[in-house]
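Both ligands and their constituent atoms are indexed starting at 1 by order of listing.
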Amino acid sequence: MNVQNLEKHTADATSVEEGLAIAQAQDEQFTSEMATETAMQNTLLTPRFYTTDFDELDAVDVSGVREDWDKLIAQMEADPNRGHFKKNEDWDHVDWDGMEPQLKKEFIDFLISSCTAEFSGCVLYKEMKRRGNNKDITQLFQLMARDEARHAGFINDALREAGLRVNLGFLTQKKKYTYFRPKFIYYATYLSEKIGYARYITIFRHLEANPQHRFHPIFKWFCEWCNDEFSHGEAFALLMKTDPKLTSGINVYWIKFFLTAVYATMYVRDHQRPAFHAALGVDPDWYAHEVFTKTSELSRQIFPITLDIEHPRWQRELEALQKANADLAEATERGQPLRKIGAQMRAARAFLSLLMIPARPNSVPVNTRLEPAY
Ligand SMILES: [Fe+2]
Ligand SMILES: [Fe+2]
């Protein structure tokens, strides 16, 4: 497959098979080992690939949420973003060579990490579609995999202009898969879809008001893009609603754990990219708080608690965690094992302290479905 075809097919992908065919197209000229190696990393902070008990997921009966379910599926099948993920005249020229080196490094890291996260969703959803027999479930996962394939492909298109490409086919075969029980997939994936929506829309609205900070055209695509993530989150909310046990009893503690882990990971990861946020004109602390506020508000549709992000310990411990993580990275790089252990212990203490902040109870509304409103 030549490059023009590859680009055309990426933008036009209407099915996950097509999306994956693109992903798996081996194009040595544009494959960048560096980008792929970065995407292969498995640390606490890098996006992972997941696998689950597909039979258990396949057995989910959605008849209890049928009306909302059918509406959501119809909306996704109508495919309003069918033509969205294509470069057009709004795609301004990017001066990669003229970009300040630290910004370039952090921005490329952001693109690789986003591409990996998008593709991680694609791989999981595609596998569910392949393994399942339940029409409701396979149909949903097919539609979500379609979207994520487009998202990952579009980011890879942007990377290609910088002479890079994440080899998604290689990643599918070689990246380590982490097993999560279906309920943990629900919590983690629901949250990552909703936080993804909140992140994209917050950047989009900020740049709408401050266009002088839009240093790359990809941000112009974030508005329609985040509506896909919003729908995916809605689907997981409905899946959780099919079984009240998933959001009560001991599972409330799991929900709290996942909320804390997802928020803390985002905070630490974003603070590793100061030049990127400076170029966007965004204070990473403001941004984190904004995204947490939106995500918490959205998650009230299904979770019986929200985190108390206004608690005096919240910001303080996030900062302690971030500092411990920076020290850990430095100690690892310099080969200082004792300092490394110290940093790990500080990180664990800060995380536990975040986890111990009392949650705020939430009474979940009868109607689950939401529309993107930010
Ligand atoms: Fe996505
Ligand atoms: Fe998504």
Original post:
Could you walk me through whether Asp327 and Arg346 pass the salt bridge (charged side-chain N to carboxylate O under 4.0 Å, His left out) check?
Top reply: CA-CA 10 Å; Asp327 284 352; Arg346 276 162 47 219; 2.9 Å; yes
**OP:** Test side chain to side chain contact (heavy atoms under 4.5 Å, CB included) on Asp58 and Phe141 and set out the steps.
**Re:** CA-CA 11 Å; Asp58 197 45; Phe141 281 82; over 6 Å; no
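Looking at Asn134, its side chain never comes within 3.5 Å of a backbone N or O of Asp61 through a donor-acceptor pair. Checking side-chain atoms of Lys220 against main-chain N and O of Asp90 turns up a donor-acceptor pair under 3.5 Å.
Pairs of residues two or more places apart, or lying in two chains, that qualify as salt bridge (Lys or Arg N to Asp or Glu O under 4.0 Å) and include a residue from residues 265-290 are Asp109-Arg273, Arg199-Asp270, Asp270-Arg273, Glu290-Lys294.
Protein N/O/S atoms closer than 2.8 Å to the Fe ion (ligand 2), listed by chain and residue number, are Glu148 OE2, Glu193 OE1, Glu193 OE2, Glu229 OE1, His232 ND1.
Tyr263 and Ser296 are linked by a side-chain donor-acceptor pair at a separation below 3.5 angstrom, with hydrogens and angles left out of the test.
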